[in-house]
Amino acid sequence: MIYSFAKEDTRKEAFLEVLRSSGVDFELVEHDSAVVRVLGVVTPDLREKLDTVRDGRRSLTLKRRSETDCYSAFTDPNRLAVIAGPCAIESEEQIGAIVDFLSVEGVRYLRGGAYKPRTSCESFQGLGRPGLELLRKHADRAGMYVVTEVMDRSQVETVATYADILQVGSRNMFNYTLLTALGSVQKPVLLKRGMAATVAEWLKSAEYIMRGGNDRLILCERGIRTFEPTTSHTLDLAAVCIAAKESGLPVIADTSHACGRPDLVTPLAAAAVAAGASGIMVEIHPNPAEALSDGKQALTFNQFYRLLEKVTRIHSAIHE
Ligand code: PEP
Ligand code: MN
């Protein structure tokens, strides 16, 4: 299991003391922050002690206990739905490490693409069904929900077997046969905004799914194409507010694809939460430099840890 502490986090010493006194092996890597990798078995007793020491950020975990289905966190204004994971599932080792980390942090929604819509046909296209199997297996072991993309109507049945929430990617927001097929799926759908779609077009696409009887939708703003070249896209925060107001649906922000660079993912997520987004989606990777897709925008575990601290504080502040 991996635990991370920001430099200024005073709970680190007490945490290490609990590990030392319980005789469990661990590795400590310190640079701009500290990562503690626990090598020995974490018994439920030990886990409780470690959690007690880290009491400051248990709010996400508390939500875990009262949650009954995967859609309710998106519709309850007192909760913030956090979806995190790699751009693509690459290997058992990669997804295993990510799930170890996220589950300790209390994150409930695991993302990861098995079918990847890549701009270049030469790029890694995803592991397909074996990727879905890995995602499900590790999510189940940690009690997490799976959010993953379905690219084509021919994949709907397969993806719905493994996913809790089916994601429609930006490139497919106008794929009306796919949207229609998702109307009869009994699982929530996360509909990303097309990168060059207006809010009105986005909401029309949502209607295609709802017309089939599936009204458990989550809208996701993921940045739009503008003339600005310093970021991959431009996060349209007004659209988060307008889409929520006009549709009554939960709207979240994917701040990784919205900017394409790690230094902006956290400030944009903070802004989205402050603007009232129902949740955020963020790409993380144990080693972004070696990621098979979107490594340039992925957050490290430490960076994500800090993001979580920030957004949970902002969320609590505006919902007090
Ligand atoms: C993704 O979430 O991995 C993805 C491909 O995003 P988008 O469809 O927003 O580009
Ligand atoms: Mn990606």
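Just so it is clear, the values below take in all heavy atoms, side chains as well, and ignore hydrogens, waters and symmetry mates.
- Looking at K192 and D254, their side chains come closer than 4.5 Å, going by heavy atoms from C-beta outward.
- Using a cut-off of 4.0 Å between Lys/Arg side-chain N and Asp/Glu carboxylate O, K49 and D45 are scored as not salt-bridged.
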Using the rule given for side chain to side chain contact (heavy atoms under 4.5 Å, CB included), can you reason through T300 versus Y305, listing the C-alpha separation, both sets of side-chain angles and the distance that settles it, and then say yes or no?
CA-CA 9 Å; T300 62; Y305 169 93; over 6 Å; no
Check the pair V265 / C259 against side chain to side chain contact (heavy atoms under 4.5 Å, CB included), numbers first and verdict last.
CA-CA 7 Å; V265 174; C259 63; 4.0 Å; yes
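- Judged by distance alone, the side chain of T148 and the main-chain N or O of A163 form no donor-acceptor pair under 3.5 Å.
- Around NZ of K310, the count of heavy atoms belonging to other residues, nucleotides or ligands within 6.0 Å does not exceed 12.
- Ring geometry for Y176 versus F174: interplanar angle over 60°, hence perpendicular rather than tilted (30 to 60°).
- The aromatic ring centres of F26 and F15 sit 6.0 Å or more apart.
- Minimum heavy-atom separation, L46 to S22: CD1-OG, 3.7 Å.
- Inspection of the D236 and T234 side chains reveals no N or O donor paired with an N or O acceptor under 3.5 Å.
- The two residues Q94 and P86 have their closest heavy-atom pair at NE2-CB, 3.3 Å.
- Ring pair F304/F101 is perpendicular by interplanar angle, where above 60° counts as perpendicular and below 30° as parallel.
- In terms of hydrophobic clustering, with Ile, Leu, Val, Met, Phe, Trp and Tyr side chains grouped at heavy-atom distances under 4.5 Å, M195 and V168 are assigned to different clusters.
- Counting non-hydrogen atoms of neighbouring residues, nucleotides and ligands closer than 6.0 angstrom, the CZ atom of R141 exceeds 12 such neighbours.
- Within the model, atoms CG of L182 and CG of N214 stand 7.5 Å from one another, a figure rounded to the nearest 0.5 Å.
- Between the side chain of E221 and the backbone N or O of G223 there is at least one donor-acceptor pair closer than 3.5 Å.
- Formation of a donor-acceptor pair under 3.5 Å by the N172 side chain with backbone atoms of M151 is found in this model.
- No side-chain donor from either of H285 and D294 sits under 3.5 Å from a side-chain acceptor of the other.
- Side chains of I284 and L102 form a contact here, defined as non-hydrogen atoms less than 4.5 Å apart.
- At a threshold of 4.5 Å between side-chain heavy atoms, the hydrophobic network of Ile, Leu, Val, Met, Phe, Trp and Tyr places V240 and I318 in two separate groups.
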Worked check of side chain to side chain contact (heavy atoms under 4.5 Å, CB included) between Y71 and I165
CA-CA 8 Å; Y71 191 62; I165 299 175; over 6 Å; no
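- Not a single donor-acceptor pair under 3.5 Å links the side chain of R79 to the backbone N or O of G279.
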Go through the steps to decide whether L110 and I98 satisfy the test side chain to side chain contact (heavy atoms under 4.5 Å, CB included), and finish with yes or no.
CA-CA 9 Å; L110 176 66; I98 288 173; 4.2 Å; yes
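- Taking 4.0 Å as the cut-off between side-chain N and carboxylate O, K204 and E201 do not count as a salt-bridged pair.
- In this structure the side chain of L191 never reaches within 4.5 angstrom of the side chain of Y208, judged on heavy atoms.
- Counting heavy atoms from C-beta outward, V146 and Y162 have side chains that stay 4.5 Å or more apart.
- One N or O on the side chain of R193 and one on the backbone of A197 form a donor-acceptor pair closer than 3.5 Å.
- A donor-acceptor pair under 3.5 Å is absent between the side-chain atoms of R222 and the main chain of H233, judged by distance alone.
- Two residues are said to be in side-chain contact when any heavy atoms from C-beta on lie closer than 4.5 Å; L190 and R111 fail this criterion.
- Judged by distance alone, with hydrogens and angles left aside, the side-chain atoms of S278 form no donor-acceptor pair with the main-chain N or O of P250 at under 3.5 Å.
- Annotation: side chain of R108 is in contact with side chain of Y145 (closest heavy-atom distance under 4.5 Å).
- Without hydrogens or angle criteria, Q297 side chain to G295 main chain gives no donor-acceptor distance under 3.5 Å.
- At least one donor-acceptor pair closer than 3.5 Å links the side chain of K116 to the backbone N or O of C87.
- Interatomic distance, S256 OG to L299 CG, rounded to the nearest 0.5 Å: 6.0 Å.
- No side-chain heavy atom of F301 sits under 4.5 Å from any side-chain heavy atom of E105.
- Summarising the geometry of L308 relative to T312, their closest heavy-atom pair is O-OG1, 2.7 Å, with the distance given to 0.1 Å.
- At least one side-chain heavy atom of L307 sits under 4.5 Å from a side-chain heavy atom of I280.
- Between the side chain of Q167 and the backbone N or O of G169 there is no donor-acceptor pair closer than 3.5 Å.
- Hydrophobic clustering keeps V251 apart from I224 (ILVMFWY residues linked when any side-chain heavy atoms are closer than 4.5 Å, directly or through intermediates).
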